[in-house]
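Computed from heavy atoms alone, side chains included, the values below leave out hydrogens, waters and symmetry copies. Since the model is a prediction, treat every value here as computed from it, not as a measurement.
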Amino acid sequence: MAKQKHIAIACDHAGFALKQHLCLHLQTHQLCDKIIDFGTDSEQSVDYPDYAHLLCEAITKGDVDTGILICGSGTGMVITANRYPDSRAALCYNTEMARLARLHNNANIIVLGARFITETDACNMLDAFLQTEFEGGRHERRLNKITPDNNIVNQPA
């Protein structure tokens, strides 16, 4: 697995315990040089978009290439993250989804629903996400069709 330089992580109150576990996993297995933790720092109720925005702004600025977002279901975080043009966030519930998010969609943010997965599953998904490289090829063409500005939205393959 290629070591990441900087990985950003953020969560709401429902994802706090899982965030702590994943940070420990990243450190223990030396999967990155630096973890940038955008919070939250407790299980006290907070608004998930506030934390998704912090992480996505860091992606947009180029401070980090890879992000991890965690909330109760993952849905709110993935919706918020994908409003940023430089974010390609994928909500994952198993390792194959995490692998394909990178392989086919070049996702740069993995989103996890803490209420629906185990800590072990989350670590396995994160490992799959980090060790998979974008395949390119036909997938590059498809990614280019996501942004309407590319003037290729309705052109056939």
Side-chain angles (χ1 to χ4, degrees), residues 1-135 139 142-143 146-147:
M1 176 179 327
K3 187 174 184 179
Q4 305 287 309
K5 292 185 181 195
H6 297 93
I7 294 178
I9 192 166
C11 67
D12 70 356
H13 54 283
F16 175 72
L18 184 57
K19 180 189 76 150
Q20 298 301 100
H21 185 79
L22 290 176
C23 285
L24 182 61
H25 177 75
L26 289 167
Q27 292 168 342
T28 301
H29 297 283
Q30 299 178 350
L31 299 176
C32 63
D33 292 329
K34 183 176 183 181
I35 300 167
I36 301 171
D37 186 345
F38 287 106
T40 190
D41 297 323
S42 75
E43 293 181 348
Q44 183 176 356
S45 184
V46 296
D47 297 333
Y48 64 84
D50 297 339
Y51 298 91
H53 288 307
L54 293 171
L55 186 142
C56 292
E57 287 167 7
I59 294 265
T60 298
K61 290 178 188 173
D63 295 338
V64 295
D65 295 318
T66 306
I68 305 163
L69 289 171
I70 312 160
C71 67
S73 69
T75 303
M77 288 290 202
V78 78
I79 290 170
T80 305
N82 281 321
R83 295 185 58 90
Y84 285 79
D86 295 320
S87 295
R88 287 176 311 284
L91 177 57
C92 299
Y93 283 106
N94 61 54
T95 54
E96 185 64 3
M97 288 177 74
R99 189 181 74 77
L100 289 173
R102 294 281 298 141
L103 189 70
H104 291 179
N105 307 113
N106 201 18
N108 56 358
I109 301 171
I110 186 170
V111 183
L112 303 171
R115 293 183 177 137
F116 297 93
I117 59 174
T118 67
E119 290 177 344
T120 300
D121 289 340
C123 290
N124 290 337
M125 285 184 268
L126 180 57
D127 290 347
F129 188 81
L130 294 177
Q131 71 187 11
T132 304
E133 296 292 327
F134 178 51
E135 189 173 52
H139 304 294
R142 293 169 183 158
L143 285 180
I146 292 173
T147 306

Handout entry: Criterion side chain to side chain contact (heavy atoms under 4.5 Å, CB included) on L112 and L126, from CA distance to verdict
Key = CA-CA 9 Å; L112 303 171; L126 180 57; 5.7 Å; no
Practice task
Find out whether T80 and M77 are in side-chain contact, i.e. whether some heavy atom of one side chain is under 4.5 Å from a heavy atom of the other.
Solution key: no
Fill in the blank from the handout: Of all heavy-atom pairs linking I70 and A114, the shortest is CG2-CB, 3.8 Å
Practice task
Taking the side chain as every heavy atom from C-beta outward, state whether H53 and Y84 have any atom pair closer than 4.5 Å.
Solution key: yes
Fill in the blank from the handout: Nearest heavy-atom contact between A17 and E119 is O-OE2, 4.5 Å
Exercise for the section: Please confirm whether the backbone N or O of A107 pairs with a side-chain atom of R102, one donor and one acceptor, at under 3.5 Å? Expected result: yes
Exercise for the section: For residues A89 and V111, report the shortest heavy-atom separation together with the two atoms involved. Expected result: CB-CG2, 3.9 Å
Practice task
Carefully, step by step, assess N106 and R88 under the rule side chain to side chain contact (heavy atoms under 4.5 Å, CB included).
Solution key: CA-CA 7 Å; N106 201 18; R88 287 176 311 284; 3.4 Å; yes
Problem - D86 side chain vs G62 backbone, donor-acceptor pair below 3.5 Å - result: no
Practice task
Determine whether F116 and S73 make a side-chain contact, defined as any pair of heavy atoms from C-beta on separated by less than 4.5 Å.
Solution key: yes
Completion exercise
Rounding to 0.5 Å, atoms CG (N124) and OG1 (T118) come to a distance of 7.5 Å
Problem - Straight-line distance of I9 CD1 to F38 CZ, nearest 0.5 Å - result: 11.0 Å
Exercise for the section: Would you confirm whether K19, through its side chain, and T40, through its main-chain N or O, come within 3.5 Å as a donor-acceptor pair? Expected result: yes
Handout entry: Where L69 and L55 come nearest, the two heavy atoms and their spacing
Key = CD2-CD1, 3.8 Å
Handout entry: NE2-CD1 distance between H25 and I68, expressed to the nearest 0.5 angstrom
Key = 9.0 Å
Handout entry: Spacing of L100 atom CG and T95 atom OG1 [to the nearest 0.5 Å]
Key = 9.5 Å
Fill in the blank from the handout: Between H6 and the options T66, I36, I35, the side chain to side chain contact (heavy atoms under 4.5 Å, CB included) test singles out I36
Exercise for the section: Could you walk me through whether C56 and R83 pass side chain to side chain contact (heavy atoms under 4.5 Å, CB included), step by step? Expected result: CA-CA 9 Å; C56 292; R83 295 185 58 90; over 6 Å; no
Problem - NZ-CG distance between K34 and L26, expressed to the nearest 0.5 angstrom - result: 14.5 Å
Handout entry: Nearest-0.5 Å distance that lies between atom CG in L130 and atom CG in D127
Key = 7.0 Å
Practice task
Say whether, by atom type as modelled, one donor and one acceptor occur between the side chain of D12 and the main chain of A14 under 3.5 angstrom.
Solution key: yes
Fill in the blank from the handout: When every non-hydrogen atom of H13 is compared with those of V46, the smallest separation belongs to ND1-N, 3.2 Å
Problem - F129 vs M125, side chain to side chain contact (heavy atoms under 4.5 Å, CB included): CA-CA, chis, key distance, verdict - result: CA-CA 6 Å; F129 188 81; M125 285 184 268; over 6 Å; no
Practice task
Work out which heavy atom in L18 is nearest to a heavy atom in A122; give both atom names and the distance.
Solution key: CD1-CB, 3.6 Å
